[in-house]
Amino acid sequence: MSTGACTIRDLTKSYGDVRANDGVSLDVHRGEIFGLLGPNGAGKSTLVRQLTGLLRPDSGAISLLGHDLVRHPERASRLLGYLGQESTALDELPVGLAAETTARLRGLSARAARTERDAVLDELGLTPLAAKPLARLSGGQRRLACVAAALAGARPVLVLDEPTTGMDPVARRAVWAAVDRRRTADGVTVILVTHNVIEAETVLDRVAVMDAGRVIACDTPGGLKARIDDEVRVELVWRETAPVHLPEVAALSARNDGAENGRRWTLRLPTDEARAAVAAVTGGPAFDALDDFTLTTPSLEDVYMSLGGRGEGLVKA
Amino acid sequence: MTTTAAENATTARPYEAAAPLAPRAAFLPALGAVYRAQLARARVSRIPLLFVATFQSIGIMVLMRGVVDADPGSEAARSVVAGSTVLVVAFVALNLLAQYFGRLRAHGGLDHYATLPVPPAAVVLGAAGAYASFTVPGTVVTAVFGSVLFDLPLTHLWLLAAVIPLAGAALAGLGAALGLLAPRPELATLAGQLGMSAALLLGVIPAANLPAPIALARDLLPSTYGVEALARSFGPHPDWAAVATDLAVCAGVGVLALAAATWAYRRAALR
């Protein structure tokens, strides 16, 4: 018996010569928070736009809760709540009315829509801003108001495209608490697009790593990190320039991901080599040129790099 | 391609019954919700432009009163007042709505509506209805001011209650269709401005003073019939059958324009 919420097979979508999605296959389980992680241009938004019925795939299959969305894209709006990256449609509306109207357009009665509006505004801490138009809010608050609209009117699946962009930590926590409440209480499945690796590690149950239109790995954040758990990341910050005339530093230079003449070096090394490297730069004459160093266990960014990702555009915050 | 997708769909079908679909939003409640939201938008950002629409029409009437031989109570005076009044509708319903939909389409704002189970006609009609409503104060002020300025009777200004919604439907439908079909927002703005300029020139200048090809263009412009109906009502013995015919043309064009706008919305929202 499957517990699948969403099944995607061989999905392909091209814009001219560019393959935005190139044979994507995924299985999202019911009640999980599933992430799509990758830098800008990896094809994450193209994928969710097909999932939400906004874009027709060139070929491939999408099944959402047993419905064929390639054949019936219009059903998506009756199965999922979508938060896109743009807020143009809501910008000039007061926050409360944005949530209420969206709930109403999700088929709720006038009374139910008002109740839903009050509940979701309260849940996200937006009640004091209910009468303010979105356009007059800060970027993070505006994003939060869009999240409120996306959550107004229950749906078994939520598709959220970078929901916490620009938010402060308090707002982020409110969003994740609201999402988690729906998952725990109602078994809601969440498909989340992010390019924030820290968020991905803390929030997601499973994550598909995307690069250049393809899924290059799919596992739990822990499972992905376990693939490279014999590696450690060493970050060295030099006072001015790296003392590459010293043989122990010159040896490390070959393993550096950053620029050789830059102040900041990043080395991904097996544990024993990392220990030796730290001993070399802290024990000898290189120490005088060293401003700071850190040793960290691998993050999803390291996984992404080790899988051959280009590594630009991921955010750590 | 379609065959491949269909075959794959079969292989991807899950092993359990499909989940129930949430109900669609019914047409009238959705229309009401969109209309109400659009009215709220007007409070936030549209009010200065509504003043501009009214001042523009009042300015034209003052200008015509001063420089053109438009005797008070004359046929030319009726044309000027009726044309200036309907121009307010053209400014807001055609020009501003074309800009609004052009911007919404260009910046992904249509995605919001396209991912909600709402009938496309409810979105288009709700926005068009709201923009037609925005014109009510300016239209009334312009008509009253113009009637006083040109010594026209105020007796039949109740006709505005039919002219505003019907000319509004025709012009808003046209504006929405232009905004949704324009490939770039600047083109939507340009089309809206041109439509409004046409309504200005062809509506305010009496038909008798226009050369034949331009008179034909005037007959093709939906606002003309709103202007004609209103102009007739200023006469000493209005021909109500002709007024009804003019308004019926507005209504017919309105239905066609709104249907075209709804089609354009579907096309723009789902790619």
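Here is the naming used below: chain letters follow the sequence lines, and residue numbers restart at 1 for every chain.
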Practice task
Identify which of B/Pro23, B/Pro117, B/Ala114, B/Gly109 forms the greatest number of heavy-atom pairs closer than 4.5 Å to chain A.
Solution key: B/Pro117
Practice task
Take atom CZ of B/Arg184 as the centre, draw a 6.0 Å sphere, and report whether it contains more than 12 heavy atoms from other residues, nucleotides or ligands.
Solution key: no
Handout entry: A/Asp91/B/Arg41 salt bridge by N-O under 4.0 Å criterion
Key = no
Fill in the blank from the handout: Closest non-hydrogen atoms of B/His107 and A/Glu86, given as atom of the first, atom of the second and distance, are O-CG, 3.0 Å
Problem - Over 12 non-hydrogen atoms of neighbours within 6.0 angstrom of CZ in B/Arg36 - result: no
Exercise for the section: Please flag which part of A/Ser25 lies under 4.5 Å from any non-hydrogen atom of chain B: side chain, backbone, both or neither. Expected result: neither
Handout entry: Verdict with reasoning, A/Arg106 to B/Val118, per side-chain contact (heavy atoms from CB on, under 4.5 Å)
Key = CA-CA 7 Å; A/Arg106 268 197 191 107; B/Val118 49; over 6 Å; no
Problem - Atom CZ of B/Arg24: over 12 foreign heavy atoms under 6.0 Å - result: no
Exercise for the section: Any chance you could measure A/Thr88, atom OG1, to B/Tyr100, atom OH, to the nearest 0.5 Å? Expected result: 9.0 Å
Problem - A/Leu54 side, atom CG; B/His112 side, atom NE2 - distance, nearest 0.5 Å - result: 12.0 Å
Practice task
Count the heavy atoms belonging to other residues, nucleotides or ligands that lie under 6.0 Å from CZ of B/Phe27, then report whether that count exceeds 12.
Solution key: yes
Exercise for the section: Output the option from A/Glu74, A/Arg75, A/Arg78 having the highest count of non-hydrogen pairs under 4.5 Å with chain B. Expected result: A/Arg78
Handout entry: Minimal non-hydrogen separation, A/Gly66 against B/Ala18, with atom names
Key = O-CB, 3.5 Å
Fill in the blank from the handout: From the list A/Leu83, A/Val159, A/Thr102, A/Thr52, side-chain contact (heavy atoms from CB on, under 4.5 Å) with B/Thr115 holds only for A/Thr52
Practice task
Name the region of B/Ala26, side chain, backbone, both or neither, that has any atom closer than 4.5 Å to a heavy atom of chain A.
Solution key: neither
Exercise for the section: With a 4.5 Å cut-off on heavy-atom pairs, point out which of B/Gly32, B/Pro20, B/Ala37 contacts chain A the most. Expected result: B/Ala37
Problem - Value rounded to 0.5 Å, distance of CG in B/Leu116 from OH in A/Tyr82 - result: 11.5 Å
Problem - A/Leu105 versus chain B, the contacting section by heavy-atom distance below 4.5 Å - result: both
Practice task
Would you indicate whether the side-chain heavy atoms of B/Asp111 and A/Arg49 approach each other to under 4.5 Å?
Solution key: yes
Practice task
Heavy-atom distances under 4.5 Å only: say whether A/Glu100 touches chain B with side chain, backbone, both or neither.
Solution key: side chain
Exercise for the section: Show the numbers, then the answer: is there a side-chain contact (heavy atoms from CB on, under 4.5 Å) between B/Leu21 and A/His67? Expected result: CA-CA 9 Å; B/Leu21 295 166; A/His67 295 273; 3.8 Å; yes
Handout entry: Region of A/Leu90 that comes under 4.5 Å of a non-hydrogen atom in chain B
Key = side chain
